[in-house]
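All remarks here apply to the structure that follows.
Numbers restart at 1 for each chain; the letters A, B, ... are given by sequence-line order, proteins then strands.
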Amino acid sequence: MRASRFLIATHKETPADAEVISHQLMLRAGLIRKLASGLYNWLPMGLRVLRKVETIVREEMDRSGAQELLMPVVQPAELWNESGRWQEYGGELLRIKDRHERDFCLGPTHEEVITDLIRNELKSYKQLPANFYQIQTKFRDERRPRFGVMRAREFLMKDAYSFHIDQESLDETYRLMHDTYMRIFERLGLDFRPVQADSGSIGGSSSHEFHVLAESGEDDIAFSTQSSYAANIEMAECITPTAPREPANAELKEVRTPDQKTIDEVAKFLALTPQNCLKTLIVEGDLGEAEKPPLIALVLRGDHSLNEIKAEKIDGVASPLRMADEAEIKAVLGASTGSLGPVGLGIRCIVDRSAAQSSNFACGANKDDMHYLNVNWARDEELREIEDLRNIEAGDPSPDGQGEIVIKRGIEVGHIFKLGTKYSEQMNASVLNANGKASIMEMGCYGIGVSRIVASAIEQNNDENGIIWPSAIAPFQIALIPLNMHKSEVVAEQAETLYRTLSDLGIDVFLDDRNERPGFKFADMELIGIPHRIVISDRGLKNGTLEYKGRNDAESQDISVDDALDVIKTKLNRA
RNA sequence: CGGGAUGUAGCGCAGCUUGGUAGCGCACCUGCAUGGGGUGCAGGUGGUCGGAGGUUCAAAUCCUCUCAUCCCGACCA
């Protein structure tokens, strides 16, 4: 490609409304332009990268035996009513009407459509297992789109859905997809980790996420220092402390704590550490038959934070989790938040594993402005229910018993689920089994955020001059920069010759034939992040040399014109 | 959806307090020079100041409403 015939939409200045580095660089390098909040145009340079990611994903999916198909973006409401998600899905589902006033939505995902399609097409267990995928635009009406294409409303996703006669077959395909994802992200050249994950509202049992590690990531991932254990913090189990509880050796006391509400205030006032205080959070329970939801107390150590996902999974606790109303708490418990504690509380009380291990601790006395000191389980209050309620923290023991936890930020770029029969049962997707009986299919679901990968690759690979593409997804492999070619015939001739040679070899080569100053061209090519660069100049040609520099190299090197092709092939791993 | 902020040329910004002919840098166009790190000089194109209403002789500037965008949080995966 010639620069003179290609839209190079670079900017020197950083747009004011871009926060993270990948968003800034994608705008500055001229890869994307915003159309509206969460909606982006992909310019020619950006689209080349997107297509490269797409190609790798497609090749590896095909290699795994999955079949590509394509489903519509617009989907009829009937299917979503059938699965129940027309009601369940929140504002993210963009609902629209056609000219006949019939309800449709823009697909945020395609479980309903694929399940409908497959229940009509597959009749026999002999056709299973089968895995179908598409690379298609998704639309989720995010409340707050941000970080450019990282969290856009419209985005490109590879989604795959597998169908099975039994769980064993599903397990097998799940493992195959896990391996396939490992290959994909390795080929993309990203620093990534597979992590155990919560399966969220899509439902189902087992689930892994694939995260690109980056400071700007929106997820916290817990890693073990000594094993391969990695889990989303939402999911990472906090194991019961092994050390025995300290003996109850101090006398229970009630003390006045006027206006001390938060754990920090109370701890400071009582000259204790937050670790020695227990906090009591009141949440709503399931409504059941009652008119008002019952209240449930969750007790944690003062220095720990509640994991809402864990809490709402407990039987009887409302899901999604709702904190109880302040007035309701006062009415039922006779004290305000800030003075609550498990002793004699009189409602269901679920205690975190670590909090259950505390002794001689402080907590609210269930009278305003009063706290207990030296409280001990069993002696002062029965310990009835112990659960894992808190977020894991750096320094905690790893749940697999090996090493300690460290926390890093990650960008979720892939997610694999076992859906089980959640959709197939609801939508009656069955095939005949070996006994000639209808059998509901097991399903799996496997997503990759294609456009998000582009942003995450930049988050991981950039410097003060711009993007540094992993070779596999660079828009062009090599840039030829002739200096003063509009005046020097030898430079022009050499540049054209090399350009033709490399093009004929099928290499993505970019010839910067613009009539611009050298510094201008260097800066542009570095901003865009092309991995390799050849400078062709009068100065070099006089000595029979060209100049090579890798995007990551500190120094350039002279290479003889005669060797140039071999050197380039070697650098591009095409020897 | 709650809290905060911002809308002036393609981009980055000043002007608003104290109302009086809309400015700067970059980019873009023309010419000349220059030709190894966003080059120099000269000349030029481009804005109903987000929108609507109001106050006023006069509104980018003051008032009201509205729309959009961004940040923090919640939500989602």
Using a heavy-atom cut-off of under 4.0 Å over every strand shown, decide if [X] touches base, sugar-phosphate, or nothing.
X	value
E526(A)	base
A16(A)	sugar-phosphate
S37(A)	sugar-phosphate
K487(A)	base
E218(A)	nothing
R151(A)	base

Record whether the side chain of [X] comes under 3.5 Å of the base of [N] through a donor-acceptor pair of N or O atoms.
X	N	result
R533(A)	G37(B)	yes
E516(A)	G38(B)	no
N484(A)	G36(B)	no
N515(A)	G35(B)	yes

[N]: pairing nucleotide in any strand, Watson-Crick or G-U under 3.5 angstrom:
N	value
C28(B)	G44(B)
U34(B)	none
G53(B)	C63(B)
C75(B)	none

**Prompt:** Between H415(A) and Y181(A), does the ring centre distance come in under 6.0 Å?
**Reply:**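 Here the rings of Y181(A) and H415(A) have centres that are no less than 6.0 Å from each other.
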
**Asked** Has E265(A) got more than 12 heavy atoms of other residues, nucleotides or ligands less than 6.0 Å from its CD?
**Response**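 Atom CD in E265(A) is packed in, count exceeds 12.
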
